[in-house]
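Comments concern the structure below.
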Amino acid sequence: MLKMLNEDRLFPADPETRKVARRLFAEIEHLPLICPHGHTEPQWFSKNENFADPAQLLIVPDHYVLRMLVSQGISLDMLGVPDHTGVAKQTDGREIWRLFAENYHLFRGTPSRLWFDYTLEFLFGATDTLSAQNSDAVYDQISACLAEQSFKPRALFDRFNIEVLATTDACTDDLKAHRDIRESDWNGRVVPTYRPDAAIDPDHPDLLNNIEKMGAQTNEKVSTWQGYLNAHRARRTYFKSMGATATDHGHPSALTADLPLEDCEALYAKVLNGKTSDMDKELFRAQMLTEMAGMSVEDGLVMQLHPGSVRNHNQSVFKTFGRDKGFDIPKSVSFVDALQPLLNKYGMDKRLSLILFTLDETTYARELAPLAGAYPSLKLGPAWWFHDSPAGMMRYREMTTETAGFYNTAGFNDDTRAFPSIPARHDVARRVDCAFLAKQVTEHLIKEDDAVEIAIDLTYRLAKQAYNL
Amino acid sequence: MLKMLNEDRLFPADPETRKVARRLFAEIEHLPLICPHGHTEPQWFSKNENFADPAQLLIVPDHYVLRMLVSQGISLDMLGVPDHTGVAKQTDGREIWRLFAENYHLFRGTPSRLWFDYTLEFLFGATDTLSAQNSDAVYDQISACLAEQSFKPRALFDRFNIEVLATTDACTDDLKAHRDIRESDWNGRVVPTYRPDAAIDPDHPDLLNNIEKMGAQTNEKVSTWQGYLNAHRARRTYFKSMGATATDHGHPSALTADLPLEDCEALYAKVLNGKTSDMDKELFRAQMLTEMAGMSVEDGLVMQLHPGSVRNHNQSVFKTFGRDKGFDIPKSVSFVDALQPLLNKYGMDKRLSLILFTLDETTYARELAPLAGAYPSLKLGPAWWFHDSPAGMMRYREMTTETAGFYNTAGFNDDTRAFPSIPARHDVARRVDCAFLAKQVTEHLIKEDDAVEIAIDLTYRLAKQAYNL
Amino acid sequence: MLKMLNEDRLFPADPETRKVARRLFAEIEHLPLICPHGHTEPQWFSKNENFADPAQLLIVPDHYVLRMLVSQGISLDMLGVPDHTGVAKQTDGREIWRLFAENYHLFRGTPSRLWFDYTLEFLFGATDTLSAQNSDAVYDQISACLAEQSFKPRALFDRFNIEVLATTDACTDDLKAHRDIRESDWNGRVVPTYRPDAAIDPDHPDLLNNIEKMGAQTNEKVSTWQGYLNAHRARRTYFKSMGATATDHGHPSALTADLPLEDCEALYAKVLNGKTSDMDKELFRAQMLTEMAGMSVEDGLVMQLHPGSVRNHNQSVFKTFGRDKGFDIPKSVSFVDALQPLLNKYGMDKRLSLILFTLDETTYARELAPLAGAYPSLKLGPAWWFHDSPAGMMRYREMTTETAGFYNTAGFNDDTRAFPSIPARHDVARRVDCAFLAKQVTEHLIKEDDAVEIAIDLTYRLAKQAYNL
């Protein structure tokens, strides 16, 4: 019945290696999904309303899909993306879907294609590759599914066998949806993550409002450096009370700093009055990473750092459509000198757990594996974003394992706002890890019974441990 | 009868994958050659004279060959390379050939070896690996071939099944050879490419002469910024009338700029009076890339950018022998910030087609694939120069496909002045692409019928489309 | 009988390719070991005393092992590492060994695991994977071995079939141990290597003492630039008389300089009076690389350059435990501009042999292979340190061979202070090279008889040639 997806997909071609991969995969295929980092909406699970039309669920919010179509000359307008005032020029989901279907060949060789095929087949029961010909039929089929009880968010969460799912939440968020979930009779575990970038980054247009909001939320005097830090402490505590186990930091670079108190105070004063140079801004972000690490030592929240993306690379796209429209471009990043101030202060402290991500694969073997293979506080997050892909994951294992081993890595996370694609993403990650391990078994680098244990670790245990879940 | 080259060369070892590769290759093996970027001499095809001795055709002008022999202590003098005054110390082709043959083992594992074996066997009928023992016999065999009618340039062009071949021509070139070809009764398609570096780069010793020459050619007042730009416009128009579809830009970096008019005028004045700092020079080159992109929007010529090579790394080699003697060394290059001024101005304009090349493979997955996978104006050129090799091409596909897909790439180009090696180079590229696709088919990432279509695209359609050929 | 190590380990899974790898390996498996670069103690071979307990031999001095255990929260104190005053908190070798054994799973997928399994099985006769359960038994087994005559250093040297082994020695070392070895009746060949970093680097705390010592050793007036250079010349000559064929330079970067004499004199004066800026220090190191290259042209000592490691990344580890405790982290390095001053002066001189190493793999294909594939003075050292591993070595071949060929590389070196692991390290290197070559044979890039010759070159001849051994 399955027509699109072969059961051996992503396994190595060599027959003996493939058999090993199959055996390893059989051991982990049905383990629960641990989703410690992602961008789903907690309201989906608190309100539990049916999703709307297929295009609004699967196309319009997916920057992987948008960017590829735009790169071939299709405008964001035609894809139904609303401008920054919220107005979309194309609102007919069927038309948007058709445009996507007509261009489905563009995704050949990309992870988007793998995720879509999986989702269409296993979730919505499609049997043929999406095309201009079957576009409407598939659209109708998905629409019909989405209207059913069994396709409501909580039902899908349970069907996906998700053990725990973390959202990413502004540090000023009231977490009402999370509170509602906790107070509901549904026992799915959805937890928030403390994301303070918009209350830290002097380049963020709403910085001052966000700081003020934090002050109001915490009754701290945020006009002072200590009050500002205390406001973060209080908000972290609140997030923790709502189930959070981690914070998340998306900085332009990995720079950290450990300035004397008076310099911090002076710098914060500049930030508040808006008189910061580019170097001041970078230094403030750098100092705040070290402050956040210090708070993690205090309160035990795991710290995640995602540096190295140049956001909103194209001005006209940003002005018209705003953020997250596929124009974030990675650039070269360095961790070694950049992290030194933070690591000299807290790096040997076992109470700190700092998970590092990169978009610059050259840092895997050169910097990240040596750092994580030395500092007890460091772990390596999985292959991220553009590298959350079969070849990307394989390079990650090949370039980190020999120096950092498996046990300084943090398992998989799906990092997605595309909720229906979560099982597909875990499926790809599990298969690639089995393919990597199968090769190691067949080349007699690892024994098969050890490989089974490692496969379970990579799929399940390491993510739970790394994120204290 | 074929003794050197196995028919399965470059195909994966796994038997099932190899079978797929064979089937894919059978579909594309005999497609015409599209050669949109190279360095053959148009005079060869306008005059159609027999090539001279084997060493002058195959060894002396090939910087891949020279560099390897030099690296093992053989001097450029011994290889017949003329000094900058044109005097060669060794003029006996047979001696040069023998030196090469004696050292043929140095090329084991290199693409030069693959290209030579192919050319010797398929073009000249050699049956044994070149060696000190058979050096003279092979030399005689090639000499005999080269004297024949069927080895004249046009005959080879036709025999190679070249559909179109682009040369690279100084923007000040009168294109007489191209005109002669067009006016001849031969209907081989040879087109020029607009290469303005020597009339743009303030570091070029002949810059002012070249600008002056452009002024004379176009009757534009090149002492002014607008006159200078108009001279480029006029020369581009002339190239286009001679069949050109593209321009080519070999800059030290990928820096672009978008300066106010008055700054451009002031900068150009500095360039003309020779009072430029290194930063001025870089900024002028940067501004000119954006100007060239603007002209491409106007006239539709495809723009190629080849940054990142430190030319003439060794002073003594340069002083004695001049340019292109194997001492151009790549260095780290960055595209993300560098291209932003140009891309903010023209990046979303579908009339621009900018093909990017790199010698820094770290930019494939980190920068180039994300850029080309977002901007409608960008395409990725094939693996270039040192990376025009089996493993180099494989890394190119592995590191660009998941983010940019296949359809933001521009097919293959052979980029060679070694005319007889053109079929060999396309053979390698086609085989590597089939090997890559066969692996994807066997691992069930791509269906085989899709892979056939992709193989034809990569071999034929994409190059024609990307270069408007 | 062999229970841990499969005879096909590290060979490709594909059956035909594996057969080729086996045949190639059979040709080189028993070739003598050439060890041109390492960190064993010459006193071991001059005194020829039995090694002490297993932990002190195999765990405490191995920074690969220490770093991995520390990264998982085990302190250096618990591992018996003495602090900078020489006091160790844990001196019970059995306890240290047990801690290692309990955590042996951390090394899965790392080269340390391969080296340990090999050493435990082939040298000490262990039959089961090390574990908490068999920790004491294995410890006793190793202890018993180490007490035997046949496990004395010279006996192991002979048993390992080492043809020549180079140590690394401070330029101020009296080489007494080396002299003793030469004057002994044992004919094992152990040679010193001239390592002058501590008498060159202005950041070294003992610099002035070391310079003064060199002055006393050579009767040169080291208060002058010429006297200082002459002291180096004299010490090099002494090392050469004790069998040295090479020098070794571990600089933060690859920067070289070629300053006018008066600038050198002024810079050296600054160094002597300690009034150097960071830029002065870097420039002095840079100038000294060029001076060392000049001396190599004079005296024929091969020059090795190992740049790019940020030493002692963590302050607290460095303050408590000192150098070489696993906290050296590589960073991005560039060779192209950095080496140009040296290469413009001596790069085309065949009397210079400069072997380059890198921890930044991005430089393999981009910079090092193009440089070594052009300059007659340059060779590429093997995959180094973190990259002395199966995947690391494979990437090295894949990224250097197509541009530099095999014959601009310098064979393998084990670079280890872990004497018992030397056979294991050569075993891994030989197997990986055979795996690489077998793939090239099966894909018809290299003929098998050529591959046999190349395998012997990579294993034996190239190291001897590159190091004049």
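Each chain gets a letter, A, B and so on, in the order the sequences are listed, and its residues count up from 1.
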Which region of A/Phe386, side chain (C-beta onward) or backbone (N, CA, C, O), has a non-hydrogen atom less than 4.5 Å from a non-hydrogen atom of chain B, or is it both or neither? both
With distance as the sole test, does B/Thr401 use its side chain to make a donor-acceptor pair with the main-chain N or O of B/Glu398 at under 3.5 Å? no
Among A/Gln315, A/Arg113, A/His63, which has the most heavy-atom pairs under 4.5 Å with chain B? A/Gln315
Which one wins on heavy-atom pair count under 4.5 Å against chain B: A/Arg9, A/Arg67, A/Met68? A/Arg67
May I ask you to decide if the ring planes of B/Phe357 and B/His306 are parallel, tilted or perpendicular, using 30° and 60° as cut-offs? parallel
Is the terminal nitrogen or CZ of B/Arg395 (NZ for Lys, CZ for Arg) located under 6.0 angstrom from the six-membered ring centre of B/Tyr364 and within 45° of that ring's axis? no
Worked verdict on B/Asn408 versus A/Gln72 for side chain to side chain donor-acceptor pair (under 3.5 Å): CA-CA 8 Å; B/Asn408 287 305; A/Gln72 289 283 314; 2.8 Å; yes
Most heavy-atom pairs under 4.5 angstrom with chain B, which of A/Thr110, A/Val70, A/Asp14, A/Asn314? A/Asn314
Contact class of A/Thr362 relative to chain B, heavy atoms under 4.5 angstrom: side chain
Hey, what's the ring geometry for A/Tyr104 with A/Phe107, parallel, tilted or perpendicular (30° and 60° as the breaks)? tilted
Between B/His444, B/Met348, B/Lys439, B/Met399, which shows the greatest number of heavy-atom pairs under 4.5 Å with chain A? B/His444
Heavy-atom contact with chain A under 4.5 Å, split by part of B/Ala451: neither
With chain B, the option among A/Ala435, A/Ser332, A/Pro15 that has the most non-hydrogen atom pairs under 4.5 Å is A/Ser332
Answer with side chain, backbone, both or neither: which region of B/Ala404 has an atom nearer than 4.5 Å to a non-hydrogen atom of chain A? backbone
With chain B, which of A/Ser112, A/Pro111, A/Ala13 has the greatest number of heavy-atom pairs at distances under 4.5 Å? A/Ala13
Quick check for you: to the nearest 0.5 Å, what is the distance between A/Ser316 atom OG and A/Phe327 atom CZ? 7.5 Å
Do the ring planes of B/Phe436 and B/Phe406 sit parallel (below 30°), tilted (30 to 60°) or perpendicular (above 60°)? perpendicular
Top contributor to chain A interface from B/Thr442, B/Leu445, B/Asp450, B/Ile446 [non-hydrogen pairs under 4.5 Å]: B/Asp450
Can you tell which of B/Glu453, B/Lys379, B/Gln440 has the highest number of heavy-atom pairs within less than 4.5 Å of chain A? B/Glu453
Is B/Leu343 in contact with chain A via its backbone, its side chain, both, or neither, using a 4.5 Å heavy-atom distance? both
Does any backbone or side-chain atom of A/Leu106 lie under 4.5 Å from a heavy atom of chain B? Answer side chain, backbone, both or neither. both
By a 4.5 Å heavy-atom criterion (distance strictly below it), what part of B/Lys447 contacts chain A: side chain, backbone, both, or neither? side chain
Side chain / backbone / both / neither for A/His105 at chain B, heavy atoms under 4.5 Å: both
With a sphere of 6.0 Å drawn around NZ of A/Lys325, does it hold more than 12 non-hydrogen atoms of other residues, nucleotides or ligands? yes
Below 4.0 angstrom, N of the basic side chain to O of the carboxylate: do A/Asp414 and A/Arg425 qualify? no
Interface check, chain A: of B/Arg366, B/Glu443, B/Lys350, most non-hydrogen pairs under 4.5 Å belong to B/Arg366
Counting N and O atoms only, with roles assigned by atom type, does the side chain of A/Ser75 sit under 3.5 Å from a partner on the main chain of A/Met78, one being a donor and the other an acceptor? yes
Validate the cation-pi geometry between B/Arg431 and B/Phe11: distance from NZ or CZ to the six-membered ring centre under 6.0 Å, angle to the ring axis within 45°. yes
Relative to chain A, which segment of B/Thr17 carries a heavy atom at a distance below 4.5 Å: side chain, backbone, both, or neither? side chain
